[in-house]
Amino acid sequence: MTPGTPSNPDDLLTDLTPPQIEAVTHRDGPLLVLAGAGSGKTRTITRRVAYLARTGVPARNILAITFTNKAANEMRERIVAAGVGRGPTVCTFHALCARLLREHADRADLPKNYSIFDQSDRLKAIREAVARAELAAERFVPSAVEGVISQAKNQLETAAVYTAEASDWPSRTLARVYTAYEALLAEQNALDFDDLLMRMALLLRRDEELRDRLEDRFRYVLIDEYQDTNHAQYVIAHQLAVKHQNICATGDPDQSIYAWRGADISNIMEFEQDYPQAKVVRLEQNYRSTKAILSAASRLIAANVQRRTKGLWTENPQGDPVRVVECVDADDEADFVAETIAEMAGSRPLSDIAIFYRVNAMTRVLEEALLREGIAYQIARGVEFYNRKEIKDALAYLRIIVNPADEVSLLRIINDPPRGIGKTSVDRLVAQARASGQTVFEAALQADRIDALKRSAPKVKAFAEMVQEWQQQSDAPVRRMLEEMLLDSGMQGVLDRAGLESDQVANVNELITAAQEYDQANPDGSLTEWLQQISLVSDVDSVDESSGAVTLMTLHAAKGLEFPVVLIVGLEDGLLPHARALALRADPSEMEEERRLCFVGMTRAQQVLIMSRARYRTLRGVTERMTQSRFLAELPGDETLTESRRESSDAFDEWSQAAPSEFSRLRKGQLIRHPMFGFGRLTWIDPHGQRTRAGVRFTTGVEKTLILEYAKIQVIKE
DNA sequence: ACGCCAGAAGTTTTT
DNA sequence: CTTCTGGCGT
């Protein structure tokens with residue numbers, strides 16, 4: 001279908017259910033689609049976009065916001081397939097903001113060529129900010145400070161606002177770090193991920209004229225995964241929809257899994273209060289999973305207290321029961337996974353199969369086992385590619401071409417590959433820049449005038465001039481720019497020495513390919529735009545359905561996807577739910593989020609769902625006995641089938657079922673005394689006869705694991 | 001100036 | 001157990 005071809009928009013409705021049709025055909029005014037897992041949400045949104053376009057809404061007036069780039073690309077393809085063309089804007093919140101801030105840089109009071117700082121750039125800047133605020137680095141762990149700043153930005157609290165509101169000493173001190181950090185970013189023309197959202201939200205609030213223009217441009221706004229939007233995203237969406245009120249939010253509170261990142265579930269829960277005229281459509285029929293899978297998942301999620309009950313049903317066949325498999329340890333579990341997949345490989349393509357886990361660290365054993373069985377796999381971790389040293393270096397070079405004020409990037413590569421500019425010289429150069437109020441790059445250009453640099457001065461100057469030469473040709477195609485830079489910088493030499501077979505060369509080649517693809521897709525593109533675009537890749541963006549391989553990913557990355565066969569590993573207390581949610585001071589809502597995470601994983605499965613756990617797991621070098629996840633106990637017995645990889649006579653079981661020992665009188669919560677550490681309370685006990693261990697939180701605040709056979713503790717009070 | 005080694009620290013999830 | 005950092009030796 002091409003634009004202009006006469007067509008009946010009702011063709012778009014023929015295979016939809018009544019509630020789906022309601023959502024698709026609703027024209028003006030706010031719309032909330034509460035879409036349960038597997039209820040055809042993506043299809044509904046896509047159809048809605050197509051329907052709007054075919055019933056008179058100019059395609060360019062439609063904005064669809066997705067959670068990942070991958071989801072955006074897929075939706076765009078589907079919209080094109082529905083005959084709408086490339087008119088609608090389909091992207092993530094971050095990509096939208098990056099683009100709009102570039103387009104309206106003057107109004108946003110920003111340079112167009114700003115750098116986007118990733119996690120590690122940001123941590124470096126925070127360390128520097130802590131130093132500048134003259135605070136003890138030990139007291140201010142960068143990652144903790146980062147969390148505070150990130151949270152503030154999500155709440156649209158600028159450094160100035162945060163400072164004004166800081167009343168106690170800790171927050172006043174953090175306000176100083178935040179202020180210093182913001183100054184650092186400003187000096188470097190850099191934004192972090194949260195800035196993209198905060199800047200855009202604040203800009204829309206204060207610049208009425210721009211808001212008005214954007215409201216007219218994006219007359220129809222659709223937001224997917226609304227349950228995982230944070231406050232800043234909420235404000236952006238709201239500002240864009242104030243005038244026309246054509247906001248369509250879709251989501252599922254049961255699939256909210258990003259509260260830790262600032263997502264605010266009340267955005268979706270209170271949609272009807274925010275938009276009193278809102279029409280609400282519920283999609284509760286599941287088209288994805290078998291009855292067995294769906295009822296197991298439904299039973300699990302029903303254990304959440306903070307939840308509006310909701311029925312999810314399916315007309316799909318009953319299917320096989322959900323298998324729960326108890327393995328001996330992580331290696332055994334990985335073997336089980338690999339063997340099971342090998343058996344299935346004859347009857348279905350590997351790309352049908354996915355393995356989910358709670359933490360990335362669990363991939364190693366799985367990879368080894370899959371390799372042994374000769375099973376092709378891909379791991380969803382696009383971000384990791386961009387964290388490789390050679391990639392970060394190459395991008396740092398490109399970033400200073402575009403934005404020479406980007407000090408984090410400049411310092412990263414000023415002597416890499418080595419060009420005789422040592423640490424001392426760099427320190428002196430930075431000191432000179434600070435003293436004269438220049439950027440480090442500006443100071444480097446005049447290195448010959450800095451006496452302190454001595455013999456390295458010509459090298460520094462040569463480096464700066466090399467960057468300047470690149471700058472003069474920076475409107476060349478991205479790929480050519482990249483290759484030129486590799487050659488001139490000496491990186492190519494390093495790569496040549498590493499050899500054609502090396503990972504480094506393969507990675508850089510992949511980057512070159514990415515650059516070339518960008519050039520082809522965007523004839524009017526720019527290096528700036530490409531750099532900003534690739535700063536926003538997510539793990540799942542790298543997943544390729546046609547790869548013919550098993551897909552491995554975290555449960556978080558699995559959201560929005562579906563696979564005929566799903567294996568979820570590590571169903572153990574401490575892993576899923578994660579130990580953090582089990583901690584004594586953990587908020588109960590953390591446990592509920594873990595349960596939703598498990599629910600999300602289970603509901604990705606179409607036909608076969610297998611969940612496994614290990615009795616022993618080695619984490620950071622220590623083997624721990626694991627108890628099964630409480631979530632397994634919450635599954636319905638008649639829909640699940642529990643199997644054990646070993647007879648119960650195995651040594652470990654005997655060990656664990658040993659006769660009650662002298663430690664059997666110990667109970668959780670008892671007050672005890674330790675000769676070295678003093679008083680404390682038992683937080684957990686792991687009974688293994690003589691080998692019984694227990695966790696103790698001492699009054700000093702320290703928590704310790706004690707092997708009771710050796711630790712002579714004394715019970716003070718029952 | 002540079003590379004190596006040893007010790008430390010940090011391990012949830014990510015746009 | 002891994003990865004990174006900082007210090008030390010050349």
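All chains are named by letter (A, B, ...) in the order of the sequence lines, taking the proteins before the strands, and each is independently numbered beginning at 1.
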When the distance from CD1 of Ile223(A) to P of dT15(B) is rounded to whole Å, what number comes out? 19 Å

I need the CD-C1' distance between Glu146(A) and dG10(B), as an integer number of Å. 14 Å

Given dT15(B), is OP1 or OP2 found less than 4.0 Å from the side-chain N or O atoms of Thr68(A)? no

Find the distance Gln151(A):CD to dT14(B):C1' and express it as a whole number of Å. 16 Å

Rounded P spacing from dT13(B) to dC4(C) in Å: 15 Å

Between dA1(B), dG3(B), dT14(B), which nucleotide gets closest to the side-chain atoms of Trp260(A)? dT14(B)

At under 4.0 Å, does any side-chain N or O of Asn360(A) touch on OP1 or OP2 of dT13(B)? yes

Considering heavy-atom distances to DNA chain B, does Val359(A) or Leu536(A) have its closest nucleotide positioned more toward the 5' end? Val359(A)

Side chain of Gln119(A) - closest among dT14(B), dT12(B), dA1(B): dT14(B)

Residues forming a side chain to side chain contact (heavy atoms under 4.5 Å, CB included) with Lys124(A), sequence neighbours excluded: Arg127(A), Val408(A), Arg412(A)

Check whether the ring centres of Phe67(A) and Tyr258(A) lie less than 6.0 Å apart, and answer yes or no. yes

P atom, dG6(C) versus dT11(B): distance in rounded Å? 16 Å

Value in whole Å for how far the P atom of dT15(B) lies from NE2 of His231(A): 22 Å

Of the candidates dT12(B), dA1(B), dT14(B), the side chain of Arg580(A) sits closest to dT12(B)

Is it true that the side chains of Tyr114(A) and Gln188(A) contain a donor and an acceptor less than 3.5 Å apart? no

Run the ring-centre check on Trp260(A) versus His556(A) and record whether the distance is less than 6.0 Å. yes

Nearest-nucleotide pick for Pro418(A), side chain only, options being dC2(B), dT13(B), dT15(B): dC2(B)

How is Glu593(A) classified with respect to the nucleic acid when contacts are heavy atoms under 4.0 Å: base, sugar-phosphate, or nothing? nothing

Could you check how far NE2 of His578(A) sits from C1' of dT14(B), rounded to whole Å? 15 Å

Whole-Å distance, Lys389(A) NZ to dT5(C) C1', equals 15 Å

Short side-chain N/O contact to dT15(B) OP1/OP2 from Asn154(A), under 4.0 Å: no

Using a heavy-atom cut-off of 4.0 Å across all strands, would you classify Ser535(A) as base, sugar-phosphate, or nothing? nothing

Minimum-distance nucleotide to His556(A) side chain [options: dC2(B), dT15(B), dT13(B)]: dT13(B)

Separation of Glu225(A) atom CD from dT15(B) atom P, in whole Å? 13 Å

Selected nucleotide, minimal atom distance to Arg364(A) side chain, candidates dT2(C), dC2(B), dT14(B): dT2(C)

Nearest whole angstrom, please: distance from the C1' of dT14(B) to the CE of Met553(A). 14 Å

Is any side-chain N or O of Thr424(A) closer than 4.0 Å to OP1 or OP2 of dA1(B)? yes

Heavy-atom nearest nucleotide on DNA chain B for Asn415(A) versus Ala95(A): which residue maps closer to 5'? Asn415(A)

List the residues meeting salt bridge (charged side-chain N to carboxylate O under 4.0 Å, His left out) with Glu146(A), not counting sequence neighbours, and say none if there are none. Arg122(A)

Can you name the closest pair of heavy atoms from Gly560(A) and Glu225(A) and give their distance? CA-OE2, 4.2 Å

From C-beta outward on Phe193(A), which listed nucleotide comes closest to its side chain: dT14(B), dA1(B), dT15(B)? dT15(B)

